[in-house]
Amino acid sequence: YMTTAPIVVKGKIMVGVSGGEWGIRGFVVALDARTGETLWVHDPKIYEAGTPAPAPWTHRGVAYWENDDEARIVWGTGYGYLGAVDAKTGLPTAEFGDNGRVDLTENLPRATRGQRDNFHLLPLSSQSAPLVVGDTIIVGSSINDFSITKEMPPGFARAYDARTGRHRWDFHNVPQS
């Protein structure tokens with residue numbers, strides 16, 4: 001099944017896959033828009049981290065960033081990373097974060113990579129498609145709402161540099177004092 005919104009850019013359909021013909025969930029796929037031919041498939045191996053939070057394996061979309069001769073597909077993952085691949089090849093973008101991914105738990109209060117909640121889920125994911133504005137990628141947060149404690153990570157919207165993956169800012173949905 002698919003619970004994602006594809007995008008079409010320059011004759012290619014780009015889509016994050018929650019399941020279906022490619023089997024393992026979390027893939028990012030490029031298809032020729034005229035023929036349907038698979039151009040590339042990127043497997044970020046989110047299944048290696050265990051069950052993400054809060055809706056296991058749900059992936060709702062990708063976004064596109066382009067500047068001069070660079071073009072990237074970016075997406076949030078069920079295990080708390082922001083991924084980036086070259087839009088032409090599907091290979092991780094080495095200049096973006098750590099070989100094409102940024103840890104969304106980094107510098108986020110009460111978020112520890114690998115930590116599990118009382119349902120044995122990872123406490124943070126980003127399942128909605130990012131928003132690209134100029135050279136900024138904005139991602140939302142998904143946190144498990146069944147474990148309501150003060151120790152849960154906040155659900156900030158966070159912004160990252162589209163070229164480097166460097167963190168730019170957080171939007172605190174609950175005002176900080």
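Everything numeric in this text was worked out from a predicted model, so none of it was measured.
Using a distance-only test at 3.5 Å, with no hydrogens or angles considered, a donor-acceptor pair links the side chain of Arg72 to the main chain of Arg163.
Among all heavy-atom pairs drawn from Leu39 and Leu31, the shortest one is CD1-C, 3.7 Å. Heavy atoms only, all atoms of each residue included: Ala63 and Val132 are closest at CB-CG2, 3.7 Å. The two residues Lys88 and Asp69 come nearest to each other via the heavy atoms NZ-O, 3.7 Å. In terms of heavy-atom proximity, Ala87 sits nearest to Lys12 at O-NZ, 3.3 Å. The shortest non-hydrogen separation linking Leu82 to Gly76 is CD1-N, 4.3 Å. The two residues Asp135 and Arg168 make their nearest non-hydrogen contact at O-NH1, 3.4 Å.
Cluster annotation: Ile13 and Val41 are assigned to the same hydrophobic cluster (Ile/Leu/Val/Met/Phe/Trp/Tyr, side-chain heavy-atom contacts under 4.5 Å, transitive).
Scanning for side-chain contact (heavy atoms from CB on, under 4.5 Å) contacts around Asn99 gives Pro92, Ala94, with sequence neighbours left out. Residues passing the side-chain contact (heavy atoms from CB on, under 4.5 Å) test with Asp103 are Tyr81, Thr105, Glu106, Arg113, sequence neighbours excluded.
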Show, in sequence, the C-alpha distance, side-chain angles and deciding distance for Asn107 and His167, and conclude whether the side-chain contact (heavy atoms from CB on, under 4.5 Å) test is met. CA-CA 9 Å; Asn107 297 317; His167 179 254; 5.9 Å; no
List the steps, then state whether side-chain contact (heavy atoms from CB on, under 4.5 Å) holds for Val102 with Phe96. CA-CA 7 Å; Val102 170; Phe96 187 86; 3.6 Å; yes
Any chance you could lay out the side-chain contact (heavy atoms from CB on, under 4.5 Å) test for Trp40 and Leu91, step after step, and finish with the verdict? CA-CA 9 Å; Trp40 53 258; Leu91 297 173; over 6 Å; no
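Of the listed residues (Tyr160, Trp169, Phe171), just one forms a side-chain contact (heavy atoms from CB on, under 4.5 Å) with Ile138, and that residue is Trp169.
Aromatic ring orientation, Trp75 versus His42: perpendicular (interplanar angle above 60°, classes split at 30° and 60°).
Distance check, rounded to the nearest 0.5 Å: CG of Leu131 to CD1 of Ile137 gives 10.0 Å.
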